[in-house]
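Each remark here refers to the structure printed beneath this line.
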Amino acid sequence: MLTILFDGVAYGMLLFILAVGLAVTMGLMNFINLAHGAFAMVGGYITVLLMQRLGVPFLVCLPLAFLGSGLLGAVLERTLYRPLYRKPHLDQVLFSIGLTFMAVASADYFIGSSQQIIQLPEWLKGRTEVGEGAWMLGMGHYRLFIIAVCTALTVALQYVLARTRFGSRLRASVDDQRVAAGLGINVNLVFLSTFAVGSGLAGLGGALGAEVLGLDPSFPLKFMIYFLIVVAVGGTSSITGPLLAALLLGIADVAGKYYIPKLGAFIVYSLMIAILIWRPQGLFVRQGGK
């Protein structure tokens, strides 16, 4: 039981890092970016290609995956996404889902449809067991590494959004762009930076999750529903909500697949429906927010 809980927490933390960029763009920038999973796929493939073809160490690939995905996000935000900020949500959905299918087709054409394999360093392959019998806790070193990295990123992200000048400028830009611009805030630069960081976090999540979730060209479509569940259940007005939603989703998914394999997905969707009936606006809503 403890091992399942541990694996569920690791899975949930990974889902949070993958989905938090989508929560930021939807909640703070009011843009529905269903192509978010494509940036995660890009980060995963950057890691795989650097390790397989150039022999770059795994720990070096992680920041490179973040930077590569973030740079791609910045370029696309400036050229493709920005003109759609004021468009209806339906236009944003159609555009981003089309971009997702283009990314899937491009990855399949240039890299191939086969499942990619990452060779982790030896110190991340081990497993430590604590306790005995039904209360034995088996901790995979790689999942422990994922929890540590994702926890550090969560604390840093919460601090940036809540305690720094950039976070206050972002909130001001979201609340009223005209007033923020009148106060001297470069709204376009704030949105560009936010979108780039969200894309970079998705790429880092894709790099971390390539060994756990698998990596192939269908990755953006396969996990799109999980990203949307995290955002819908957790809400988009804070970091705490998506974090808690991701942890609930991860634990429910792992436990469901272990105890009731044939009904694993049904348990996740049932939990989502129950929470949304209870709190349609999500688990956490900022005071005064809609």
Side-chain angles (χ1 to χ4, degrees), residues 14-49 65-116 191-192 194-210 212-234 236 242 245-246 249 253 265 268-269 272:
L14 182 59
L15 288 177
F16 171 72
I17 294 302
L18 282 165
V20 68
L22 180 59
V24 170
T25 55
M26 288 183 65
L28 297 181
M29 299 175 63
N30 196 29
F31 187 91
I32 302 177
N33 180 27
L34 296 186
H36 185 74
F39 294 101
M41 180 182 68
V42 168
Y45 275 118
I46 288 176
T47 301
V48 168
L49 295 178
F66 175 85
L67 293 174
S69 302
L71 179 60
L72 177 62
V75 172
L76 293 182
E77 193 276 342
R78 184 64 182 86
T79 56
L80 298 180
Y81 281 92
R82 187 173 297 179
L84 290 170
Y85 283 161
R86 299 183 182 273
K87 296 292 183 179
H89 285 166
L90 179 59
D91 292 352
Q92 298 173 1
V93 168
L94 293 176
F95 164 77
S96 57
I97 196 68
L99 192 63
T100 299
F101 281 106
M102 292 176 62
V104 170
S106 299
D108 184 53
Y109 179 79
F110 289 106
I111 303 177
S113 59
S114 60
Q115 188 83 10
Q116 301 296 322
F191 280 2
L192 174 65
T194 302
F195 194 91
V197 171
S199 302
L201 288 174
L204 178 59
L208 288 170
V212 177
L213 305 176
L215 180 64
D216 58 59
S218 66
F219 183 93
L221 298 175
K222 189 185 305 181
F223 292 97
M224 180 189 299
I225 185 64
Y226 285 88
F227 303 157
L228 292 176
I229 290 175
V230 170
V231 174
V233 172
T236 59
L249 175 60
D253 194 34
V268 170
Y269 298 135
M272 176 194 67

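Throughout, numbering of the chain's residues begins at 1 and tracks the sequence.
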Point-to-point distance, once rounded to the nearest 0.5 Å, from CG of Leu15 to CZ of Phe223: 8.0 Å
Test side chain to side chain contact (heavy atoms under 4.5 Å, CB included) applied to Val20 and Val230, step by step: CA-CA 9 Å; Val20 68; Val230 170; over 6 Å; no
Gly112 to Tyr45 - nearest heavy-atom pair and separation: O-OH, 4.2 Å
Sequence neighbours excluded - side chain to side chain donor-acceptor pair (under 3.5 Å) pairs with any residue from residues 99-109: none
Interatomic distance, Leu22 atom CG to Leu201 atom CG [nearest 0.5 angstrom]: 12.0 Å
Nearest heavy atoms of Phe227 and Gly37, plus distance in Å: CE1-CA, 3.6 Å
Closest approach of Gly214 to Phe219 (non-hydrogen atoms, all atoms of both residues): O-CD1, 3.5 Å
Reported CG-to-OG distance for the pair Leu204 and Ser199, which is rounded to 0.5 angstrom: 12.5 Å
Side-chain donor/acceptor of Ser69 to backbone N/O of Phe66, under 3.5 Å: no
Inter- and intrachain pairs under side chain to side chain donor-acceptor pair (under 3.5 Å), touching residues 216-229, at least two apart: Asp216-Ser218, Asp216-Lys222
Side chain to side chain contact (heavy atoms under 4.5 Å, CB included) assessment of Ile111 paired with Leu49: CA-CA 9 Å; Ile111 303 177; Leu49 295 178; 4.2 Å; yes
Intermediate values then yes/no, side chain to side chain contact (heavy atoms under 4.5 Å, CB included), Leu221 and Phe101: CA-CA 8 Å; Leu221 298 175; Phe101 281 106; 3.7 Å; yes
Which residues share a side-chain contact (heavy atoms from CB on, under 4.5 Å) with Gln92, sequence neighbours left out: Phe31, Ile32, His89
Residue list, side chain to side chain donor-acceptor pair (under 3.5 Å) with Tyr81, at least two apart or on another chain: Asn33
Check: Leu18 main-chain N/O paired with His36 side-chain donor or acceptor under 3.5 Å: yes
From Leu34 atom CG to Leu99 atom CG, the distance as rounded to the nearest 0.5 Å: 10.5 Å
Distance-minimising heavy-atom pair for Ala207 and Gly43: CB-O, 3.9 Å
For Leu14 against Gly205, the heavy-atom pair lying closest together: CD1-O, 3.6 Å
Heavy-atom check, side chain of Thr194 versus side chain of Glu77, under 4.5 Å: no
Closest contact, heavy atoms only, Thr79 versus Val75: OG1-O, 2.8 Å
Partner residues of Phe191 under the ring-ring contact (aromatic ring centres under 6.0 Å, His included) criterion, sequence neighbours left out: Tyr85
Results of side-chain contact (heavy atoms from CB on, under 4.5 Å) for Ile225 - residues two or more places apart only: Ile229, Tyr269
Distance, nearest 0.5 Å, that separates CG of Leu76 from CG of Leu71: 9.5 Å
Side chain to side chain contact (heavy atoms under 4.5 Å, CB included) between Leu249 and Val233, worked out: CA-CA 9 Å; Leu249 175 60; Val233 172; over 6 Å; no
